[in-house]
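The basis for the numbers below is simple: all heavy atoms, side chains too, and nothing from hydrogens, waters or symmetry mates. Since this is a predicted model, take the numbers as computed values, not measurements.
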Amino acid sequence: LKAMQSRFTFFLPCDDAMQYYYDPMSFTSKYPRVMRFLYTKGNFPFATKSYQNKAVLAEFDVTTGTIGKDRTTQTTSNNEIINRLRQMLEQQTIVHDGTENTINTDEDEYYLSKNGMAVKVLRHKETDPNTGEEVSRVYRVQGGFQLENEREGLQHNHPGILYCGVNEKGNYKNGWTFTLDAPIVPAARSVFSVLSNIQRGQRGEELEYTDPAVEAANPYLEFFKLCNQADWDLIVKSGIVNENDPKYDVSTSEGERALQNAVSKYMTFVDNNAVDYNVKFFDNYNYTVYAPTNEAVREAIEKGLPTWESIREDFDTCLNEYGNLTTYADSMRIQAKVTYLTNFIRTHFADNSFFADKSEKTAEMITSSYDNEIGLFVKVFAKREKTGNETVLSVKDNTNTGKWITTVSEFNGRDVKNIMACDRECNSKVKNESMNGKTTDASSYAVIHLINGVLNHESLNADGTYPTFEDPKAARQYIQKFAIR
């Protein structure tokens, strides 16, 4: 904060606010909790057990936002406390572009903290005590957790459930400081949790969409199916990962791990000691997910977009009596379809968080699909454009047939704009476990937009259909160009 060439905003939770850190990492554990950081002075100035009849931990109901009784029998380690405080420091600090800090007067509401977490600021008009003039000032702040609760319609008045209120503010030479009545908390939901539409706190081990009402309630269902149904057996038996390679000798732990890593490249979600599941190709950064509507995905499937189910059907019809693919052409076709679907999915995941906000802005974004032929990641383009009284966010792919696709603001009356998510890689398993000693090793933050179309990584056929890869030479050329890294 002493770097005078930069401008900062520092959100400073007051002493009482430190008793309201809703620990999102704990929400899928046995004991969802609120961590109460109690300042005690000394060599390690935060209590790890109980202090003045107040416990460090309290129960938290993730579905209602209710703080329960204190857990006087449970303790936290110093590593846990240091881990959360370090995260908190970076989550409460915004580094501004350029030499001006206009957080009180900016048109936009969304910012990225120092570690990539999204922060939303709310402003109102108040009288400047020095000049008597009416000025715009930040009076509330929200992280992904507070925004989740707001969308769920929670009504509890605990500090930090719906927003963090600003108590005091100060303007310094290199930025503003705002004291808060609760810490800003990042999203509890992962990308997996949002796209699967499971209830917050559920662990996602078993997902069954047999109830039409459940399916109808998920705006991301069809895209989630593409992401979540990767077929391990299909990937291996198609030859795209050669299980007979000596380096994949599953009789050794190294070989088994190597095989898992090779196959997981074609998966979207992996465990990775996650709170539920993490996006495989995220890497401790901030991202944007452009999730197509159910209708958009179904339309793409009608035009020939391969799905895991259709690839499996094709695969099963080409097996010989020994359970192997009959011809080289069959193998190339199946491998190309698997590679194509994987790239299709990855084209909807882009580096950097781009928010639906109020100012006009354009961005060239790098996706997670890679073109080996030119040695570059596939790009998509995003823009915010004022239309009447609103600013519309649109995105288009980099193909010859790419068109601007608008985002969706509501689904069944619910806000689906700027949905925040956080993928956490923890030091050990969290799901349904005790939280003692658990820390977050890496966090990837994402904003998710629902879009009225799909993004493609290469141009479609002239008639608007997807390739079928019947020609083995063309299939092989495609695989070489877009092989998954």
Q: Mark yes or no: Lys383 above the aromatic ring of Trp404, with NZ or CZ under 6.0 Å from the six-membered ring centre and no more than 45 degrees from the axis.
A: yes

Q) Cation over ring, Arg140 on Tyr163, under 6.0 Å and within 45°? A) yes

Q) Can you list every ring-ring contact (aromatic ring centres under 6.0 Å, His included) pair that touches residues 362-395, not counting sequence neighbours? A) Tyr370-Phe377

(Q) According to side chain to side chain contact (heavy atoms under 4.5 Å, CB included), who are the partners of Asn412, at least two apart in sequence or on a separate chain? (A) none

Q.
Could you work out, with side chain to side chain contact (heavy atoms under 4.5 Å, CB included) as the rule, every residue matching Glu313, not counting sequence neighbours?
A. none

Q.
For Ser190, give me all partners under side chain to side chain contact (heavy atoms under 4.5 Å, CB included), at least two apart in sequence or on another chain.
A. Phe192, Ser193, Asp276, Asp423

Q. Which pairs pass side chain to side chain donor-acceptor pair (under 3.5 Å) with one or both residues in residues 463-476, sequence neighbours excluded?
A. Asn456-Tyr466, Asn461-Thr465, Asp463-Thr465

Q) What heavy-atom pair brings Glu80 and Met435 nearest, and what distance separates the two atoms? A) OE1-O, 3.3 Å

**Q.** Nearest-0.5 Å distance, NZ of residue Lys114 to CD of residue Gln87
**A.** 13.0 Å

Q: Enter the distance from Ile334:CD1 to Ser238:OG here, rounded to the nearest 0.5 Å.
A: 7.5 Å

Q. Which pairs with one or both residues in residues 259-269 pass side chain to side chain donor-acceptor pair (under 3.5 Å), sequence neighbours excluded?
A. Ser264-Lys280

Please tabulate, for side-chain N and O atoms in residues 239-250, each donor-acceptor pair with protein atoms closer than 3.5 Å (sequence neighbours left out).
| residue | atom | partner | partner atom | Å |
| --- | --- | --- | --- | --- |
| Asn242 | OD1 | Asn244 | N | 3.1 |
| Asp245 | OD1 | Lys247 | N | 3.0 |
| Asp249 | OD1 | Ser251 | N | 3.1 |
| Asp249 | OD1 | Ser251 | OG | 2.7 |
| Asp249 | OD2 | Ser251 | OG | 3.0 |

Q: Applying ring pair (Phe, Tyr, Trp, His ring centres under 6.0 Å), name anything that partners Phe411, two or more places apart in sequence or on another chain.
A: none

Q: Could I get the full list of ring pair (Phe, Tyr, Trp, His ring centres under 6.0 Å) partners for Phe223, not counting sequence neighbours?
A: His348

Q: Give, for atom CG of Asp441 and atom CG of Asn427, the distance between the pair rounded to the nearest 0.5 Å.
A: 5.5 Å

Q | Set of residues satisfying ring pair (Phe, Tyr, Trp, His ring centres under 6.0 Å) with respect to Tyr220, sequence neighbours excluded | A | none

Q) Between Ser331 and Gln335, do the side chains contain an N or O donor and an N or O acceptor separated by less than 3.5 Å? A) yes

(Q) Would you say that Val119 contacts Leu112 through its side chain, given a criterion of any heavy-atom pair below 4.5 Å between the two side chains? (A) no

(Q) By the salt bridge (charged side-chain N to carboxylate O under 4.0 Å, His left out) test, which pairs, at least two apart or in different chains, include something from residues 284-306? (A) Glu222-Arg298, Glu299-Lys303

Q. Which ring-ring contact (aromatic ring centres under 6.0 Å, His included) pairs, counting each pair once, include a residue from residues 426-455, with sequence neighbours left out?
A. Tyr290-His449

